[in-house]
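Right, one structure below, let's go through it.
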Amino acid sequence: MKIDGRTRPAGIIGWPVGHSLSPAMHNAAYEDLGLNWVYLPLPVADQAGLVRVVDAIRSLPFVGFNVTMPFKQAMLELCDEVAMFAQMAGAVNTVHCVDGKLIGYNTDGRGLLEALEEEAGFSPEGKRVAVIGAGGAAGAACVGFVLGKVERMTVVNRSMDKAEELLSRFERYLRGVEAHAAVLGPEAEEAVRNADLVVNATPLGMKADDPSPVPTEWLHPGQVVCDMIYHPRTTPLLDAAGTVGATAVGGLGMLVAQGALAIDIWSEAAQTRAPREVMRAAAEDAIAALESEGEGDR
Ligand code: NAP
């Protein structure tokens, strides 16, 4: 990588970001595409810091930046414009800097759909889906499913309030999609058993002793079971899917696709398509490096 007076920065704002795979993925893509950009970790500890850093970015030649936990929701309020996908998701994970203005996007939902198509041949139209979790990632997944015209979408969460609040953002856009909220119990069981696709959008599975977010008995062959978690590479849910003969999809493909879609937005050139395979290889190398250091990427 050659940095000179015309290099444009990009980066990831979050806390912590020390184990983020995004710098490795993005910098590999920029090199492959011949872009004079550099992607930096931008650790920001709190909301006040977020406001200061975002303000400073307006005065710098940033091409754009990503936002991760815990600031995806807060970033909504700091953008000058927010794309409809991000408004519906209730979270911004990608910001494009255009002439000092910050335009917010959410590429997680489209990233998830791209990975499901690529890795499981899954397309959402007319399908029944169960999303476990009701945070930012679940919201982004629901955007993808509503726009992809699923038949039925059930949001299963430990707190009903958050699941209902998530679905309330979609009321105007459902156009025939049947949407339900449920807590873990008989209604959730029915939804998961009848789902063509089950997606874990909770952090359950990141820690070594975490249980699966749904019981193995609720899963069956013919289903696609996706865990958004990408490290560890396997999780109790993915193990359960394997045990029953369902198609298991980990979260790395989604991570790569959401990052690639950010580059596609920032590069503004319709003919540029970020190199997913280069980014995936860089992310896998970064995970291997973390594993050899005995570190967990969360
Ligand atoms: P978030 O906004 O904090 O939401 C987390 C959700 O999980 C909430 O609905 C929460 O329930 C639920 N939850 C948390 N701990 C739980 C537990 N112990 N048992 C049951 N439910 C629990 O987080 P997020 O940004 O949506 O991210 C969720 C996961 O997706 C994370 O693991 C993240 O790494 C992953 N992710 C992956 C990608 C990717 O590209 N692969 C992209 C985005 C996110 P309450 O509402 O009751 O609090």
Side-chain angles (χ1 to χ4, degrees), residues 12-17 19-22 24-26 66-76 85-86 89-94 105-116 118-119 130-144 154-169 181-185 188 192 198-215 226-238 248-262 276 279-280 283-284 286-287 296-298:
I12 182 158
I13 296 180
W15 187 271
V17 290
H19 295 156
S20 171
L21 306 181
S22 292
M25 277 191 330
H26 276 258
N66 291 120
V67 184
T68 187
M69 287 197 288
F71 300 124
K72 286 185 187 183
Q73 279 89 354
M75 195 61 221
L76 262 181
F85 266 29
V92 163
N93 79 328
T94 297
Y105 295 85
N106 193 310
T107 61
D108 280 337
R110 277 196 293 151
L112 174 65
L113 291 187
E114 188 177 310
L116 288 169
E118 178 79 22
E119 294 180 36
V131 180
I132 321 298
C142 289
V143 173
T154 305
V155 175
V156 177
N157 199 41
R158 62 181 175 185
S159 54
M160 190 65 159
D161 287 1
K162 266 186 88 176
E164 284 176 341
E165 189 273 321
L166 189 162
L167 288 183
S168 70
R169 291 201 300 271
V183 288
L184 269 189
V192 171
V198 180
V199 178
N200 178 32
T202 78
L204 264 185
M206 291 176 90
K207 293 201 216 95
D209 52 355
D210 277 347
S212 167
V214 295
C226 173
D227 202 324
M228 288 194 186
I229 293 168
Y230 45 85
H231 191 253
R233 294 171 202 243
T234 192
T235 63
L237 180 67
L238 295 176
V249 177
L252 192 59
M254 174 183 174
L255 181 81
V256 169
Q258 63 75 32
L261 289 162
R276 275 71 172 162
M279 295 175 75
R280 188 172 185 116
E284 279 173 351
I287 292 178
D297 185 20
R298 303 286 184 260

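One-based numbering, in listed order, for ligands and for the atoms of each.
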Subject >> Test salt bridge (charged side-chain N to carboxylate O under 4.0 Å, His left out) applied to Asp108 - qualifying residues, sequence neighbours left out >> reply: Lys72
**OP:** Identify the residue among Thr68, Thr107, Asn66 that makes a side-chain hydrogen bond (donor to acceptor under 3.5 Å, both in side chains) with Asn93.
**Re:** Thr107
Original post:
Quick one: does Gly111 get a heavy atom under 4.0 Å from ligand 1?
Top reply: no
**OP:** Within a distance under 4.0 Å of any heavy atom of Ala137, pick out the atoms of ligand 1 and give their elements.
**Re:** 24 (P), 25 (O), 26 (O), 27 (O), 30 (O), 43 (C), 44 (C)
**OP:** Any atoms of ligand 1 less than 4.0 Å from a non-hydrogen atom of Pro203? List them with their elements.
**Re:** 7 (O), 13 (N), 14 (C), 15 (N), 32 (O)
**OP:** May I ask you to identify, for Lys162, whether its side chain, its backbone, both or neither come under 4.0 Å of ligand 1 on a heavy-atom basis?
**Re:** side chain
Subject >> Closest heavy-atom pair and its distance - Ala163, Ala181 >> reply: CB-CB, 3.8 Å
Original post:
Is any N or O atom of Tyr230, backbone or side chain, closer than 3.5 Å to an N or O atom of ligand 1?
Top reply: no
**OP:** Answer side chain, backbone, both or neither: which part of Asn157 comes under 4.0 Å from ligand 1, heavy atoms only.
**Re:** side chain
**OP:** Mind checking salt bridge (charged side-chain N to carboxylate O under 4.0 Å, His left out) for Arg280 and listing every partner two or more places apart, or none if nothing turns up?
**Re:** Glu119, Glu284
Original post:
What's the spacing between Met75 CE and Thr94 OG1 if we round to 0.5 Å?
Top reply: 10.5 Å
Original post:
Does Gln73 CD have over 12 foreign heavy atoms under 6.0 Å away?
Top reply: yes
Original post:
Going by the atom numbers of ligand 1, which of them fall below 4.0 Å from some non-hydrogen atom of Lys72?
Top reply: 43 (C)
**OP:** Look at Arg110 together with Glu114 and state whether they make a salt bridge at an N to O cut-off of under 4.0 Å.
**Re:** no
Original post:
What atoms in ligand 1 come closer than 4.0 Å to a heavy atom of Gly136?
Top reply: 2 (O), 26 (O)
Subject >> Sub-4.0 Å atoms of ligand 1 with respect to non-hydrogen atoms of Leu204 >> reply: 17 (C), 18 (N), 19 (N), 20 (C)
**OP:** Please indicate whether any nitrogen or oxygen in Gly251 is less than 3.5 Å from any nitrogen or oxygen in ligand 1.
**Re:** yes
Subject >> Donor-acceptor under 3.5 Å (Asp210 side chain, Gly205 main chain) >> reply: yes
**OP:** Mark up the atoms of ligand 1 that fall under 4.0 Å of a heavy atom belonging to Met206, in ascending order.
**Re:** 32 (O)
**OP:** Heavy-atom contacts with Ser159 under 4.0 Å: which atoms of ligand 1 show up? List them by number with element.
**Re:** 45 (P), 46 (O), 47 (O)
Subject >> Residue that, paired with Ile132, satisfies side-chain contact (heavy atoms from CB on, under 4.5 Å) out of Val199, Val192, Leu184 >> reply: Val192
**OP:** Keeping the roles fixed (side chain from Thr235, backbone from Leu238), state whether a donor-acceptor pair exists under 3.5 Å.
**Re:** yes
**OP:** Taking only heavy atoms of Gly133 into account, list the atoms of ligand 1 that are under 4.0 Å away from them.
**Re:** 9 (O)
Original post:
What heavy-atom pair brings Gly135 and Leu166 nearest, and what distance separates the two atoms?
Top reply: O-CD1, 4.2 Å
Original post:
Taking atom 21 (N) of ligand 1 as the point of reference, which of Arg158, Met69, Gln258 owns the nearest heavy atom?
Top reply: Arg158
**OP:** Could you tell me whether Pro70 approaches ligand 1 through its side chain, its backbone, both or neither, with non-hydrogen atoms closer than 4.0 Å?
**Re:** neither
Subject >> Identity of the nearest option to atom 8 (C) of ligand 1, non-hydrogen atoms only, from Ala163, Gly135, Gly250 >> reply: Gly135
Original post:
At a non-hydrogen distance cut-off of under 4.0 Å, which region of Leu255 contacts ligand 1 (side chain, backbone, both, or neither)?
Top reply: both
